Amino acid sequence: PKMLQRIWEYNPLTRTGGDGQIPTAWIPYNTSGWTIHSFSSQEAGGEGPVNGYARTIIDGDPNTFWHSRWSSAGATAPHWIVVDMGTVQPVDGFVFTQRQSLSRNIRRIRVEISSDNVNWTLVKGSPFELTQTAPAQQKNLTEVLNGRYIRLTIASNADVFDGSQFAALAEFTALHP
């Protein structure tokens, strides 16, 4: 597990020691080489020429967003997206950005990780609680996991702030040590 607390530190100037928080930097991955492997649904066209598509959660633009299908037989939960990072990578956190209009925002999101897109591990602390706010929300892990695929799932209507059968998300990335 990742050490989050100093055990002891010596200061030769004051000849004292102590403990305190270890300054830790969680660094976001660049998602430019990532792809969307699969998804349960997306709103293709109903949100304009760019929005609605699953690929928008990794485009680096918080003003674009994925939306579950609401036109032509609207999709019902669970909603899910599988992100492919291209190769197995170390992961020690995630960053989620809600749709900026704060409509159809996700309250709880389950996160699983896999190296082969067959065997999945539920991430400790998942499902993560999100707030209905526009700024990015960081969820740090207490241990580093390795995987290539990340599955994001909105399991039920209760996992969306307005309780509807639809969900939206602007951005997602993973963090690395």
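Since this is a predicted model, take the numbers as computed values, not measurements. Nothing fancy with the numbering, it's 1 onward along the sequence.
For the pair D61/T56, no side-chain contact is recorded, criterion being any heavy-atom separation below 4.5 Å from C-beta on. V83 has its side chain out of reach of H37: every pair of non-hydrogen atoms, C-beta onward, lies at least 4.5 Å apart. Looking only at side-chain heavy atoms (C-beta outward), V82 and W120 come within less than 4.5 Å of each other.
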Original post:
Could you go step by step and tell me if T64 and I57 meet the side chain to side chain contact (heavy atoms under 4.5 Å, CB included) rule?
Top reply: CA-CA 8 Å; T64 62; I57 70 167; over 6 Å; no

**OP:** May I have the step-by-step check of side chain to side chain contact (heavy atoms under 4.5 Å, CB included) for Q42 and S68, ending in yes or no?
**Re:** CA-CA 5 Å; Q42 64 181 4; S68 59; over 6 Å; no

Subject >> Steps toward side-chain hydrogen bond (donor to acceptor under 3.5 Å, both in side chains) verdict (D92, H176) >> reply: CA-CA 5 Å; D92 68 349; H176 63 88; over 6 Å; no

Subject >> Stepwise side chain to side chain contact (heavy atoms under 4.5 Å, CB included) check, E171 with D59 >> reply: CA-CA 7 Å; E171 286 298 309; D59 69 359; 2.5 Å; yes

Original post:
Under the side-chain hydrogen bond (donor to acceptor under 3.5 Å, both in side chains) criterion, do W70 and E47 qualify, and how do the steps go?
Top reply: CA-CA 10 Å; W70 54 262; E47 295 287 346; 2.8 Å; yes

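Cluster annotation: V123 and I58 are assigned to the same hydrophobic cluster (Ile/Leu/Val/Met/Phe/Trp/Tyr, side-chain heavy-atom contacts under 4.5 Å, transitive).
Donor-acceptor pairing under 3.5 Å is lacking for the side chains of H67 and N51. Counted by atom type alone, T131 and Q137 present one or more donor-acceptor pairs between their side chains at under 3.5 Å. Side-chain contact of S114 with E112: a donor-acceptor pair under 3.5 Å is absent, judged by distance alone.
Salt bridge absent: E43 and R69 never bring a charged side-chain N and a carboxylate O closer than 4.0 Å.
Minimum heavy-atom separation, M85 to A174: SD-CB, 4.4 Å. When all heavy atoms are compared, the tightest approach of V111 to L122 is O-CD1, 3.6 Å. In terms of heavy atoms, G74 sits closest to F166 at CA-CE2, 4.1 Å.
Annotation: cation-pi pair R55/W66 absent, no NZ/CZ under 6.0 Å from the ring centroid and within 45° of its normal. Annotation: cation-pi pair R99/F65 present, NZ/CZ under 6.0 Å from the ring centroid and within 45° of its normal.
Between F96 and F94, the two ring planes are tilted [angle within 30° to 60°].
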